[in-house]
There are 2 protein chains.
Amino acid sequence: MAVAPPRPKDLPLTALRAFEAAARLGGFAAASQELGVTPGAITAHVKSLEASLGAKLFERTARGVQLTAVGDAVLPGFTAAFDGLGLAVQTLRNEAAPSTVHIAALPSLAQLWLSPRLPALRAVAPDISISITAMETPPNLKRAPYDLSLFYGDDPRGALARDVIFPVCAPAMAAKLKSPEDLSHVLCLSDSTWTDDWTIWSRAAQADVKPRGPVFSLYTLAVEETVNGAGVLMGHEALVASHLASGELVAPFDLKVQLGTSLRLWSQRHFKSGSAASRVMQWLQENN
Amino acid sequence: MAVAPPRPKDLPLTALRAFEAAARLGGFAAASQELGVTPGAITAHVKSLEASLGAKLFERTARGVQLTAVGDAVLPGFTAAFDGLGLAVQTLRNEAAPSTVHIAALPSLAQLWLSPRLPALRAVAPDISISITAMETPPNLKRAPYDLSLFYGDDPRGALARDVIFPVCAPAMAAKLKSPEDLSHVLCLSDSTWTDDWTIWSRAAQADVKPRGPVFSLYTLAVEETVNGAGVLMGHEALVASHLASGELVAPFDLKVQLGTSLRLWSQRHFKSGSAASRVMQWLQENN
DNA sequence: TTTGAGCCTCATTTTTTCTGACCCTAATAT
DNA sequence: ATATTAGGGTCAGAAAAAATGAGGCTCAAA
């Protein structure tokens with residue numbers, strides 16, 4: 001036989017993935033975030049790719065990178081391929097562990113909306129094991145290992161309910177609040193990701209108030225403080241519903257403002273009907 | 001922000017590729033061949049995948065492996081994804097080096113059919129750089145870094161000409177050969193991959209001869225020996241054409257037998273018209 | 001039996017990948 | 001004009017992943 005082919009070794013998959021992420025997200029920093037490595041690793045990968053190709057994939061400028069024509073031409077192909085790979089991995093995970101459902105959720109939604117529903121869900125589907133991962137930003141479901149996402153968003157697809165806000169406080173404090181103007185005399189708690197809440201509600205209430213108070217980075221913490229009587233919190237309906245139901249919190253005013261965003265529960269793949277993921281999704285939609 | 005997502009690290013791409021190859025090819029040994037690593041590496045990859053999934057992907061038997069239901073269910077997705085990735089890499093390579101064409105060819109075709117045509121091709125397309133890699137088996141063009149493949153095969157797609165065989169020898173020897181029966185008195189050279197050639201031709205010639213002679217593993221070597229008068233070679237038209245044209249070899253008999261296979265030149269991707277690869281392919285088709 | 005194909009194991013080596021610390025540049029904020 | 005900051009680049013060292021190579025096992029076919 002003799003003819004031994006001196007294998008021209010192919011491009012490293014990791015480097016290709018780094019390139020795809022950087023190109024798709026428009027920067028090495030963003031790519032390093034998505035892939036969970038340091039920016040230097042992305043730099044190195046792209047550099048090695050460019051070296052073995054003999055062509056530049058990005059133009060480097062001082063404030064970021066810009067895809068070259070070459071990079072631009074091939075990006076769609078890579079994105080499609082890696083999407084396909086991600087989906088295949090998801091499918092594989094599901095086949096391997098058919099009764100486990102992974103949910104990605106906003107921390108506050110995980111604790112204040114999802115968590116209270118879990119006991120009932122477990123009762124209905126004791127065979128399903130549910131894992132919840134909290135994160136600030138919705139993951140790319142084509143890539144990250146989650147079956148369902150639960151976040152607030154503009155997109156109406158998968159919307160469970162419109163986001164509705166209104167002030168809430170401990171029952172004791174509600175007594176002091178006769179009109180919106182009274183808000184000027186108490187602390188108005190707010191969340192760092194929803195800094196506009198008070199402004200929006202005040203405007204709708206046509207109240208001339210300048211709510212002031214501490215800003216929390218964890219909504220759950222703000223809720224706890226409110227329960228403890230620390231002040232008035234701008235409540236998001238889905239997040240305070242259970243505390244309202246239990247009486248720990250009350251709504252001192254009637255005005256509720258509907259925002260443009262919705263509470264959304266969505267998936268990427270199409271689950272077989274009867275699969276754990278589809279059962280969980282359906283139950284959550286029905287018990288909203 | 002606080003909420004630091006403890007990244008649930010995703011499955012290693014290399015291991016997934018190993019799984020895909022093993023599943024598609026039906027064995028670890030074959031996969032290790034395709035990926036150019038030792039079988040032990042495949043074993044390890046699959047094992048680590050199975051460990052992190054918590055499910056078996058293959059049933060191991062003493063004489064090979066058998067894909068499980070889980071593996072079977074996800075294989076098509078992975079194959080499609082890796083095919084897409086391979087194609088994207090090819091496209092990338094072409095974008096990066098637009099005027100280089102990589103051809104994979106049977107060693108004999110590379111030397112005896114392609115090589116004689118290269119000077120004329122270079123004259124017509126001096127801007128194109130051509131690289132030829134010889135191998136026994138056609139590569140998977142969706143994965144391996146070649147633009148064109150040149151081999152013999154059953155598939156009529158891309159066929160340039162039917163494979164036609166007939167005895168050839170040096171002019172001096174031809175004088176001794178009046179009828180096929182005379183072949184019994186000379187050495188009949190053959191190639192190890194085409195051991196049936198003599199049988200097929202003899203049957204067509206209705207000659208009662210039992211050709212005997214040395215078997216070569218490289219057809220080119222057999223041709224050289226024939227030119228040197230070592231014996232009679234069963235010639236494949238495409239491979240001996242130039243020696244016939246130069247008079248170094250002659251066909252002592254008129255009978256030519258057309259085989260079921262063809263000389264094939266094919267590609268996997270669709271090249272832009274005017275691209276180097278498409279120009280080379282077209283020229284070779286026209287100058288056949 | 002013997003042989004051989006195919007897979008497994010494991011210690012060791014090689015290669016790849018990542019980090020961490022520091023430098024650079026340009027646009028924006030002060 | 002100065003900070004400041006966002007986005008990259010570089011490099012040496014460290015860590016992790018991948019691959020090797022030598023020996024073993026099992027079963028089927030010769």
Side-chain angles (χ1 to χ4, degrees), chain A residues 1 4-53 55-68 71 82 85 89 137, chain B residues 1 4-53 55-68 71 82 85 89 137:
Chain A
M1 272 296 138
R7 168 169 294 269
K9 81 175 58 162
D10 38 29
L11 304 174
L13 296 176
T14 329
L16 293 173
R17 182 173 50 179
F19 158 71
E20 192 274 337
R24 174 166 42 84
L25 302 172
F28 291 8
S32 75
Q33 275 281 110
E34 171 163 308
L35 298 178
V37 297
T38 55
I42 305 292
T43 302
H45 275 144
V46 172
K47 209 177 119 185
S48 88
L49 262 191
E50 292 179 325
S52 65
L53 286 172
K56 284 266 166 294
L57 291 168
F58 292 95
E59 294 299 342
R60 274 75 164 178
T61 71
R63 49 148 191 204
V65 290
Q66 173 73 38
L67 211 48
T68 60
F82 279 112
L85 200 49
V89 170
T137 311
Chain B
M1 268 305 136
R7 167 168 294 268
K9 81 176 56 165
D10 37 29
L11 304 174
L13 296 177
T14 328
L16 293 174
R17 182 173 49 179
F19 158 70
E20 191 274 338
R24 173 166 42 84
L25 302 172
F28 291 8
S32 76
Q33 275 281 110
E34 171 163 307
L35 298 178
V37 298
T38 56
I42 306 292
T43 302
H45 275 145
V46 173
K47 208 178 119 187
S48 89
L49 262 191
E50 292 178 327
S52 65
L53 286 172
K56 283 267 165 291
L57 291 169
F58 292 94
E59 293 301 341
R60 273 77 163 176
T61 71
R63 50 147 190 207
V65 290
Q66 173 72 38
L67 210 49
T68 60
F82 278 112
L85 201 49
V89 169
T137 311

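The sequence lines fix the lettering, A, B, ..., with proteins before strands; numbering per chain opens at 1. Side-chain atoms are counted along with the backbone in the values below, which use heavy atoms only and exclude waters and symmetry mates. This one's a predicted model, so the numbers in the text were calculated from it and none came from an experiment.
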Presence of [X] side-chain N/O under 4.0 Å of [N] phosphate oxygens OP1/OP2:
X	N	result
Thr38(B)	dG21(D)	no
Arg60(B)	dG6(C)	no
Lys47(A)	dG8(D)	no
Thr14(B)	dA18(D)	yes
His45(A)	dC18(C)	yes

Rounded to the Å, how far apart are [X] [atom1] and [N] [atom2]?
X	N	atom1	atom2	result
Gln33(B)	dT20(D)	CD	P	12 Å
Arg63(A)	dA6(D)	CZ	P	14 Å
Phe28(A)	dA6(D)	CZ	C1'	15 Å
Lys56(A)	dG8(D)	NZ	P	15 Å
Ile42(B)	dC10(C)	CD1	P	19 Å
Leu13(B)	dA16(D)	CG	C1'	15 Å
Gln66(B)	dA28(D)	CD	P	14 Å
Phe58(B)	dG6(C)	CZ	P	15 Å

Close side-chain approach of [X] and [Y], heavy atoms under 4.5 Å:
X	Y	result
Val65(A)	Val46(A)	no
Leu13(B)	Phe82(B)	no
Leu35(B)	Thr14(B)	no

Legend entry - Most 5' of Thr61(A) and Ala44(A) on DNA chain C, judged by nearest nucleotide: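 Looking at DNA chain C, the more 5' nearest nucleotide goes with Ala44(A).
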
Inset, instruction - Could you check which of dC27(D), dT17(C), dG8(D) has an atom nearest any side-chain atom of Thr43(A)? - result: dG8(D)

Legend entry - Ala62(B) side chain, from C-beta outward: closest of dT20(D), dC27(D), dA26(C):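 Nearest nucleotide to the side chain: dC27(D).
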
Inset, instruction - For Ala29(B), report the nucleic acid contact type (base, sugar-phosphate, nothing); a contact means any heavy atom under 4.0 Å. - result: sugar-phosphate

Legend entry - Check: Glu59(B) side chain, Gln66(B) main-chain N or O, donor-acceptor pair, under 3.5 Å: no

Inset, instruction - May I ask you to check whether over 12 heavy atoms, not counting those of Arg63(B), lie within 6.0 Å of atom CZ? - result: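 No - once you tally the heavy atoms of other residues, nucleotides and ligands closer than 6.0 Å, there are 12 at most.
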
